[in-house]
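In what follows, a single structure is set out as structure tokens and then discussed.
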Amino acid sequence: IVDDSMFVMKQLQQILVSESYDVIAKAENGEEAVELYKKNKDNIDLVTMDITMPKMDGIEALRQIVSFDKNARIIMISAIGKQDLVKEALLLGAKNYIVKPLNREKVLERIKSVLS
């Protein structure tokens with residue numbers, strides 16, 4: 001889970017854990033996300049990545065992770081009104097996106113579709 005908002009991070013973790021997914025790493029910015037991905041690549045099935053974050057945004061982190069692992073499964077998380085960034089992320093290799101505020105059913109539906 002990559003998000004600079006503790007609230008969103010907690011919310012996503014609760015949704016995932018309630019469906020028996022393991023959350024193996026959390027990052028608050030793109031730099032941490034890239035480092036953690038490289039360290040844990042073999043244990044990661046999916047990354048949820050906020051688009052707007054400090055230090056390194058989600059688009060740049062996505063770009064770096066995909067250049068390192070072209071099979072990375074990353075779902076972008078974005079606020080309403082960021083369609084341009086979502087489109088860019090999908091073109092760069094993101095597998096799907098989720099719009100905030102988070103809706104439990106939509107989150108699970110998108111995650112399951114990317115993992116299947």
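Lys100 pairs by the salt bridge (charged side-chain N to carboxylate O under 4.0 Å, His left out) definition with Asp3, Asp50, not counting sequence neighbours. Taking the side-chain contact (heavy atoms from CB on, under 4.5 Å) definition, one finds that Lys87 meets it with nothing, sequence neighbours left out. For Gln13, the side chain to side chain donor-acceptor pair (under 3.5 Å) partners at least two apart in sequence or on another chain are Lys26. Applying the side-chain contact (heavy atoms from CB on, under 4.5 Å) criterion to Val114, with sequence neighbours excluded, gives Leu46, Arg73, Ile75, Lys95, Asn96. Applying the side-chain contact (heavy atoms from CB on, under 4.5 Å) rule to Ala61 yields the partners Val34, Met49, Met56; only residues at least two apart in sequence or on another chain are considered. Under the salt bridge (charged side-chain N to carboxylate O under 4.0 Å, His left out) criterion, Arg63 pairs with Glu60, Glu88, not counting sequence neighbours.
Annotation: side chain of Glu28 is not in contact with side chain of Lys55 (no heavy-atom distance under 4.5 Å). Between Leu92 and Val66 the shortest side-chain heavy-atom distance does not fall below 4.5 Å. At a threshold of 4.5 Å between non-hydrogen side-chain atoms, the residues Val99 and Val86 do not count as touching. Side-chain contact between Thr48 and Val107 is absent, with no heavy atoms from C-beta onward closer than 4.5 Å.
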Pair up each side-chain donor or acceptor in residues 35-45 with any protein partner under 3.5 Å, not counting sequence neighbours, and list the distances.
from	atom 1	to	atom 2	distance (Å)
Tyr37	OH	Asp69	OD2	2.5
Asn40	ND2	Leu36	O	2.9

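Nearest heavy atoms, Ile51 versus Asp57: O-CB, 3.3 Å.
In terms of hydrophobic clustering, with Ile, Leu, Val, Met, Phe, Trp and Tyr side chains grouped at heavy-atom distances under 4.5 Å, Val2 and Phe7 are assigned to different clusters.
Residue pairs meeting the salt bridge (charged side-chain N to carboxylate O under 4.0 Å, His left out) criterion with at least one member in residues 16-25, sequence neighbours excluded: Glu19-Arg104, Glu19-Lys112.
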